[in-house]
Chemist: 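I am attaching a structure below and will ask some questions about it afterwards.
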Amino acid sequence: MDDFEQKLKRDAAKLPAEITPELEARLRASLAAQAPPRAARKPAIPRRGWLAAGLTGAAAAVLTIALLPREPQPPPQPVAVAPAARTAPEHAATLDHTLPLPVEPPDLTAPLEQELANLRADLEQARRRVADDMAF
Amino acid sequence: MKTDEELVTAALEGSTPAFAELVQRYQQRLLRFLLTRCATRADAEDALQDTFLNAYRYLASYRPQWRFSTWLYRIAMRNAARKRGGETLPYTDCPDESADPLAACMRDSERDNAWQAAGRLLTPEAQSALWLRYVEDLPIREVARALGRSQAWTKVTLMRSRRRLQSALADAAAPGESKAYG
């Protein structure tokens, strides 16, 4: 402790802080009028109790799940599988054509207008062939 | 001799003499401290009474990981601040010495009291930090706790306050000649 710290302590002791009998009586009286302090309230269920209650609950849940009678499961029904969608050429190949028309998958590289024009031209060509066949 | 914490436990179990023992232990120390923080002696005595009442009422909220004195001084500081109406003195403000309660009740031979100078030169918070550290010998951690500040803030405040007070006391002791304590 250096000189300054000693001076601070010394000067603090010099402060006129005597407790007069009146002050002491006043302090005693004010405390006597006060209700005694109570210890902090403990929780209704202590922590250990919470743990035990939790474990019991978990065990009960497991037992219930294990012991519950299980209804027999129905045998699995065959699932009706919808026929896979086929592309137009595949579908055309399966048909029994009287007129074997060459069906090609459209080449979708051109713009849509061009594709439509091509389709119309193909259709017209097919119509003519049918008309020729009928005339023959 | 029982420790403060043992007395607190006994008081919480309903022992009135245990709390009376705590009051005996701290009443003079606290009054001394409050005299440096309040405007008048009457205010300091009121703050002392409020401090013990609050401590008794809320004793159950005391946590033993801190010293009992730290907790008690924290309550005392609040009560003193309430008495002062939250007034804090700026560092440079030197109020009229005749209005100083310490000056009024101290003899002329004691006019160079460091705490009287501290009351004029330092903020109440800085003054409290010095008191708790050097009069109550509380470690920095406890001082910081009592002030509700960080340890870093407390260290810096202590260093600055100490330097300022030393310089002022040295100037008062020998005007024109600098004397450093420590």
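It should be emphasised that the depicted structure is a prediction, and the values quoted were computed from it without experimental measurement. In what follows, chains are A, B, ... by sequence order, proteins preceding strands, each numbered from 1.
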Chemist: Given a strict heavy-atom distance threshold of 4.5 Å, which part of B:Asp46 is in contact with chain A: side chain, backbone, both, or neither?
Modeler: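 Both backbone and side chain.
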
Chemist: What distance separates B:Tyr62 OH from B:Arg74 CZ, expressed to the nearest 0.5 Å?
Modeler: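 So the gap between those two atoms works out to 13.5 Å.
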
Chemist: What is the minimum heavy-atom distance between B:Lys83 and B:Cys38, and which atoms define it?
Modeler: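 Reported closest heavy-atom pair: CB-SG, 4.5 Å.
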
Chemist: Chain B heavy atoms under 4.5 Å from A:Leu23: which part of the residue, side chain, backbone, both or neither?
Modeler: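 For A:Leu23, the side chain is the part near chain B, not the backbone.
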
Chemist: Taking the basic N atoms (NZ, or NE/NH1/NH2) and the acidic carboxylate oxygens, is any pair closer than 4.0 Å for A:Arg129 and A:Asp132?
Modeler: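 Judged by the 4.0 Å cut-off on N to carboxylate O distance, A:Arg129 and A:Asp132 do not form a salt bridge.
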
Chemist: Counting heavy-atom pairs under 4.5 Å with chain B, which one of A:Arg28, A:Gln6, A:Glu18 comes out on top?
Modeler: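 With the most close heavy-atom pairs to chain B, the winner is A:Glu18.
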
Chemist: Should the pair A:Glu124-A:Arg120 be classified as a salt bridge under the 4.0 Å nitrogen-to-oxygen rule?
Modeler: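 The answer is no: the pair does not qualify as a salt bridge.
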
Chemist: Determine, for A:Glu5 against B:Arg162, whether the closest basic-nitrogen to carboxylate-oxygen distance falls under 4.0 angstrom.
Modeler: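 Yes, this pair counts.
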
Chemist: Counting heavy-atom pairs closer than 4.5 Å to chain A, which one of B:Thr16, B:Leu34, B:Asp137 comes out on top?
Modeler: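 Result: the option with the highest number of such pairs is B:Asp137.
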
Chemist: Could you look at B:Phe33 and say if it's the side chain, the backbone, both or neither that has a heavy atom under 4.5 Å from chain A?
Modeler: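 It is neither, since no heavy atom gets under 4.5 Å.
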
Chemist: Where on B:Val23 is there a heavy atom nearer than 4.5 Å to chain A: the side chain, the backbone, both, or neither?
Modeler: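 Just the side chain, heavy atoms under 4.5 Å.
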
